[in-house]
Student: 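A single structure is presented below for examination.
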Amino acid sequence: MARAGVTRAAVLARCEELVDERGLEGLSLAEVAASLGIRQPSLYKHVAGQADVVREISARARHALAGELAAAAVGRSRDDAVRAVAVAYRRWALAHPGRYSATVRAPDPDDAAGIRASAEVVDVVLAVLAGYGLRGDDAIDATRALRAGLHGFASIELAGGFGLPQDRDHSYTRLVDLLIAGLSAAASPG
């Protein structure tokens, strides 16, 4: 019988907390079980194992990130939308470093929830880029460029790779300005 109050949602929430503290590689289901006051075999009443947990964390993280990006973009267009999405992206990544790392790799083809969650993020970005008249392959190329720039900065920052004394916020704003300049240059006339 499962311990009262321990549900799949509670297990996954605890896993997310630990992943943000220790990284995805540092997730230990034995530690999760102990922190919830249950034995590890009881944990498997709620999750199928490590792969199940990682897959679920990844989907949930993508869904949460998509929500943050969508909320940031509401009521904005073109440059203002890109700036708002960029700020939301970095803020979410820095606040949830372990979960953020779970969003980087594309989901497996048999992971329907992960694919849906990834599509949510891409759909937000494509909607923002539509303001530039970018469609089809041009929009995908621009999405990849935007993601590469934002992810590169966030990843280096999370790893402690910006050791120079200059303000990182200013550098990030400059990066976003450069990305916007590229998007504007690629914009379809219209």
Side-chain angles (χ1 to χ4, degrees), residues 16 19-20 23-24 54-109 111-164 166-190:
E16 288 172 330
V19 162
D20 280 342
L24 204 51
V54 170
R55 193 170 34 256
E56 186 70 22
I57 287 173
S58 179
R60 288 165 55 117
R62 285 182 177 101
H63 177 72
L65 179 58
E68 293 292 318
L69 300 181
V74 168
R76 294 181 166 89
S77 64
R78 287 188 57 112
D79 300 357
D80 289 339
V82 171
R83 281 189 184 90
V85 163
V87 167
Y89 186 98
R90 179 178 176 222
R91 182 177 47 237
W92 195 87
L94 296 178
H96 308 286
R99 284 182 265 177
Y100 175 70
S101 72
T103 69
V104 176
R105 186 180 175 138
D108 290 329
D111 180 6
I115 290 169
R116 278 191 307 276
S118 286
E120 290 176 31
V121 176
V122 172
D123 289 347
V124 170
V125 175
L126 290 174
V128 167
L129 295 178
Y132 293 92
L134 297 170
R135 307 258 188 282
D137 288 348
D138 289 339
I140 296 301
D141 291 343
T143 298
R144 288 176 173 164
L146 184 61
R147 179 184 185 203
L150 302 182
H151 169 70
F153 196 99
S155 294
I156 293 169
E157 188 171 21
L158 284 167
F162 291 130
L164 297 175
Q166 285 78 11
D167 182 56
R168 289 190 309 272
D169 293 339
H170 179 75
S171 295
Y172 191 71
T173 299
R174 293 287 294 137
L175 168 68
V176 174
D177 288 344
L178 290 168
L179 292 168
I180 287 171
L183 292 169
S184 296
S188 300

Student: For His63, which residues count as a side-chain hydrogen bond (donor to acceptor under 3.5 Å, both in side chains) partner, sequence neighbours excluded?
Tutor: Glu120

Student: To the nearest 0.5 Å, how far apart are CD in Glu68 and CH2 in Trp92?
Tutor: 8.5 Å

Student: Taking the side chain as every heavy atom from C-beta outward, state whether Leu179 and Leu150 have any pair of such atoms under 4.5 Å apart.
Tutor: yes

Student: Are Val54 and Arg105 packed together at the side-chain level, in the sense that at least one heavy-atom pair is separated by less than 4.5 angstrom?
Tutor: no

Student: Any carboxylate oxygen within less than 4.0 angstrom of a Lys/Arg side-chain nitrogen, looking at Arg90 and Asp169?
Tutor: yes

Student: Please report the interatomic distance CG(Leu134) to CG(Leu146), rounded to the nearest 0.5 Å.
Tutor: 11.0 Å

Student: Please name the pair of heavy atoms, one in Ala59 and one in Ala117, separated by the smallest distance, quoted to 0.1 Å.
Tutor: O-CB, 3.3 Å

Student: Go through the structure and list residues passing side-chain contact (heavy atoms from CB on, under 4.5 Å) with Arg76, not counting sequence neighbours.
Tutor: Asp80, Ala81, Ala84

Student: Can you list the steps and then say if Asp137 with Arg144 is a salt bridge (Lys or Arg N to Asp or Glu O under 4.0 Å)?
Tutor: CA-CA 10 Å; Asp137 288 348; Arg144 288 176 173 164; over 6 Å; no

Student: List the atom of Ala102, the atom of Ser58, and the distance in Å for their closest heavy-atom pair.
Tutor: O-OG, 2.7 Å

Student: What is the minimum heavy-atom distance between Val128 and Ala73, and which atoms define it?
Tutor: CG2-CB, 3.9 Å

Student: Could you verify whether a donor N or O on one side chain and an acceptor N or O on the other, from Thr103 and Arg62, lie under 3.5 Å apart?
Tutor: no

Student: So which heavy atom on Leu129 is nearest to which on Ala142, and how close?
Tutor: CD1-CB, 3.7 Å

Student: Could you check if a side-chain atom of Asp177 sits within less than 4.5 angstrom of a side-chain atom of Arg83, using non-hydrogen atoms only?
Tutor: yes

Student: Within the 3.5 Å criterion, strictly below it, is a donor on Tyr132 or Asp79 matched to an acceptor on the partner's side chain?
Tutor: yes

Student: Looking only at heavy atoms, what is the nearest atom pair of Leu24 and Ser101, with distance?
Tutor: CB-OG, 4.0 Å

Student: Measure across Ser118 and Pro107 and return the closest heavy-atom pair with its distance rounded to 0.1 Å.
Tutor: OG-CD, 3.4 Å

Student: Is any side-chain N of the basic residue among Asp108 and Arg55 closer than 4.0 Å to the acidic one's carboxylate O?
Tutor: no

Student: Is the centre of the His151 ring less than 6.0 Å from the centre of the Tyr100 ring?
Tutor: yes

Student: What's the spacing between Glu56 CD and Asp111 CG if we round to 0.5 Å?
Tutor: 8.5 Å

Student: Between the side chain of Asp20 and the main-chain N/O of Arg99, is any donor-acceptor distance below 3.5 Å?
Tutor: yes

